[in-house]
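Data block below; observations after.
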Amino acid sequence: MPEHADHPYTVAVLGATGYIGGRLVPRLLERGYRVRAIARSAYKLQCRPWGQHKNLEIAAADVLDRSSLKKALTGVRVAYYLVHSMQPDQSDFAEADRSAAQNMAELAEELGLERILYLGGLGNEADPELSHHLRSRIETGHILKRGRVPVTCFRAAMILGSGSASFEIMRYLVDRLPIMLTPSWVRTLSQPIAVRDVLGYLEGALECPETTGQTYDIGGPDVLSYEEIFHIYAKEAGLHKRLIIPVPFFSPTLSSLWIHIITPVPASLARPLAKGLRSTVVCEDNRIRELLPRQLLTVQQAIHFALERIRQHRVESCWMDAGELQPPEWISCGDAHYAGGTILESNHRVRLACAPENVWKTVKSIGGERGWYYGEFLWKLRGIADRLIGGVGLRRGRRDPEELLPGDVLDFWRVTVVEENSRLQLLAEMKLPGEAMLQFSITPQIDGNTELSQIARFLPRGLWGMIYWYSLYPLHGWLFSGMLGKIAELTGCEILSGPESFTQSASMCTLPFVPETQQHEQPQTQPLKGER
């Protein structure tokens, strides 16, 4: 079908906030499809650059909740299933994937869907060494195909693209380690594929009836060892050739811990990925190249384009994007008996002689390469300590140096609210004996000036939470006050008063942020009018 044609039916994309889903949705919209983007966090979708497209519908649903999934799929003819439960907070991702796939297969049949398109992993089921992760991806495809709705399965190995978990692991390892002691899997053969080629196959299959009900291996033109891929990366990144020394004593557990220390990818996610590197993943079936011919990118070209995207700050989606965005209720002020105790606070404010938009530019640029403006050594030390105890650390950075969207990662915080020229709210994802929130609020004053307030809230978990807060309270006061003062200085505005501490009264408390689509039982499935 020609691009920008008006298609007569709605295509659903489950997992629309994920790495592949976040890139597929805008491409389908560009081709004229009506797209229903389905994810647990509808608010995150609305805030994407394409979130207000006239042909877009947004539905909040959880694949493990049959009721919400049924509502989200009603009226859909074709669905992309791009869901994977391998998240750091998921204890048994394989079981979750089985339940989700079973729900999808049964509801697709019940609702009369015509097709399902699924992206899984490449691997040989007969291989006794096949990892739990790869076996789960293959099993998910089998469960989907047991239903009566035809399923097109694509099986891919390493996906090369800016922001993919595999690419980020490789990027940080090669960038940071001129000498690499690696497990024996570094000599294992793989057939990587560029993310744009994955998307090309997913789009093309939608318009190629011959692919219905088939399973295809998809890969790029190169079959290489991971050692060879590392050398290609080093060359494209302008680095000296890395010395790679395979050693026999590196187990998958040790590999995942090493990845956790060196890269932003947490051990809980790195471990199943590292185990999968032991298996040869090479395409055994190339029929898709005849049905959907395209000029496939080589590994060198894919790495080159990925690095260009990173340098230009044009990373469309990232492995960290997926997941639910539901700020906890305790973010509201006061004694949160329903949350388990008193909310502890450290609040500071400053008055500036300028408009809110002048302040907002500095506030929204915090974190990442710019740092946290004050006490940088302490922030880095906290990040190192967090990594050592299994947390995410500071190394995750930020997706874009200027733009922030709800759901974005910001070092060891998650962005929960972005209100232009008004409010930035962050929820801590670091290891803590409790939960923490940091909020910047910009309030215009009657006299034309602006108040910038910084509110840090902490919900302690038991005795250790209380000890943690009160032992660090003087340090937090110094750090947060200094940070606010530095932000005020960087705005270039005249500082009229402050920074000063203050106690927030109940009347000043902000209610917990709940996206409109999550305030009602019915998910939003009506088109959102107007281009952004």
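For the pair R27 and E30, the salt-bridge criterion is not met [side-chain N within less than 4.0 Å of a carboxylate O].
Qualifying salt bridge (Lys or Arg N to Asp or Glu O under 4.0 Å) partners for D217, counting only residues two or more places apart in sequence or in other chains: R155. Under the side-chain contact (heavy atoms from CB on, under 4.5 Å) criterion, S422 pairs with E419, not counting sequence neighbours. The side-chain hydrogen bond (donor to acceptor under 3.5 Å, both in side chains) search around E227 returns R187, not counting sequence neighbours. The side-chain hydrogen bond (donor to acceptor under 3.5 Å, both in side chains) test applied to K70 returns E110, not counting sequence neighbours. Every side-chain contact (heavy atoms from CB on, under 4.5 Å) that E114 has, sequence neighbours left out, goes to R77. In this structure, the salt bridge (Lys or Arg N to Asp or Glu O under 4.0 Å) partners of E402, at least two apart in sequence or on a different chain, are R370. Considering only residues two or more places apart in sequence or on other chains, R309 meets the salt bridge (Lys or Arg N to Asp or Glu O under 4.0 Å) condition with none of them. S166 pairs by the side-chain hydrogen bond (donor to acceptor under 3.5 Å, both in side chains) definition with nothing, not counting sequence neighbours. With sequence neighbours excluded, the residues that form a salt bridge (Lys or Arg N to Asp or Glu O under 4.0 Å) with D285 are R287. Every residue two or more places apart in sequence or in another chain that forms a side-chain contact (heavy atoms from CB on, under 4.5 Å) with D411 is listed here: W372, L394. Residues satisfying the side-chain hydrogen bond (donor to acceptor under 3.5 Å, both in side chains) test with T74, not counting sequence neighbours, are none. E236 meets the side-chain contact (heavy atoms from CB on, under 4.5 Å) test with Q300, I303, H304, L307; sequence neighbours excluded.
Under a 3.5 Å cut-off, the side chain of Q191 and the backbone N or O of G220 do form a donor-acceptor pair. Distance alone, capped at 3.5 Å, is enough to place a donor-acceptor pair between the T211 side chain and the C208 backbone. Looking at R414, its side chain does come within 3.5 Å of a backbone N or O of G407 through a donor-acceptor pair. Although no hydrogens or angles enter the test, the distance criterion places a donor-acceptor pair under 3.5 Å between the side chain of D197 and the main chain of L297. Judged purely by atom type and a 3.5 angstrom limit, E403 has no side-chain atom pairing as donor or acceptor with the backbone of D400. Formation of a donor-acceptor pair under 3.5 Å by the Y80 side chain with backbone atoms of L202 is found in this model. A distance-only check finds no donor-acceptor pair linking the side chain of E168 to the backbone of A165 [under 3.5 Å]. Distance alone, capped at 3.5 Å, places no donor-acceptor pair between the S164 side chain and the L160 backbone.
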**OP:** Could you give me the CA-CA distance, side-chain angles and deciding distance for R289 and L296, then say whether side-chain contact (heavy atoms from CB on, under 4.5 Å) is met?
**Re:** CA-CA 9 Å; R289 296 189 185 184; L296 296 168; 3.7 Å; yes
Original post:
After noting the C-alpha distance and the side-chain angles of L426 and V417, does the key distance pass the side-chain contact (heavy atoms from CB on, under 4.5 Å) rule?
Top reply: CA-CA 7 Å; L426 310 174; V417 178; over 6 Å; no
Subject >> Stepwise side-chain contact (heavy atoms from CB on, under 4.5 Å) check, I310 with R171 >> reply: CA-CA 11 Å; I310 291 170; R171 180 164 77 95; 3.6 Å; yes
Subject >> Working for side-chain hydrogen bond (donor to acceptor under 3.5 Å, both in side chains), residues Q425 and T416 >> reply: CA-CA 6 Å; Q425 187 182 90; T416 54; 2.9 Å; yes
Subject >> side-chain contact (heavy atoms from CB on, under 4.5 Å) between V35 and N55, worked out >> reply: CA-CA 6 Å; V35 179; N55 285 337; over 6 Å; no
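Contact annotation: the side chain of I159 approaches that of I20 to within less than 4.5 Å [non-hydrogen atoms, C-beta and beyond]. In this structure, the side chains of R98 and E95 come closer than 4.5 Å at one or more pairs of heavy atoms. Between V11 and V76 there is no side-chain heavy-atom pair separated by less than 4.5 Å. At a threshold of 4.5 Å between non-hydrogen side-chain atoms, the residues M104 and V63 do not count as touching. Between D408 and L405, the closest side-chain pair of non-hydrogen atoms falls below 4.5 Å.
One finds the OG1 atom of T152 at 7.5 Å from the CD atom of Q214 (value rounded to the nearest 0.5 Å). To the nearest 0.5 Å, atom CG of residue L432 and atom CD of residue E435 are 9.0 Å apart. The line from OG of S162 to CZ of F305 is 12.0 Å long, rounded to the nearest 0.5 Å. Annotation: the span from I116 atom CD1 to Y81 atom OH amounts to 9.0 Å, rounded to 0.5 Å. Separation of atoms CD1 (I193) and CZ (F154) is listed at 9.5 Å; rounding is to 0.5 Å. Put simply, CG on L427 and CG on L410 are 12.0 Å apart, with the number rounded to the nearest 0.5 Å.
Counting all heavy atoms, side chain and backbone alike, C153 lies closest to G141 at SG-CA, 4.2 Å. Listed here is the closest heavy atom pair of L64 and A96: CD2-O, 3.5 Å. When all heavy atoms are compared, the tightest approach of A16 to W50 is O-CH2, 4.3 Å.
Residues E207 and Y33 have side chains that bring a donor and an acceptor to within less than 3.5 angstrom of each other. Under 3.5 Å, the side chains of Y233 and D175 contain a donor-acceptor pair of N or O atoms.
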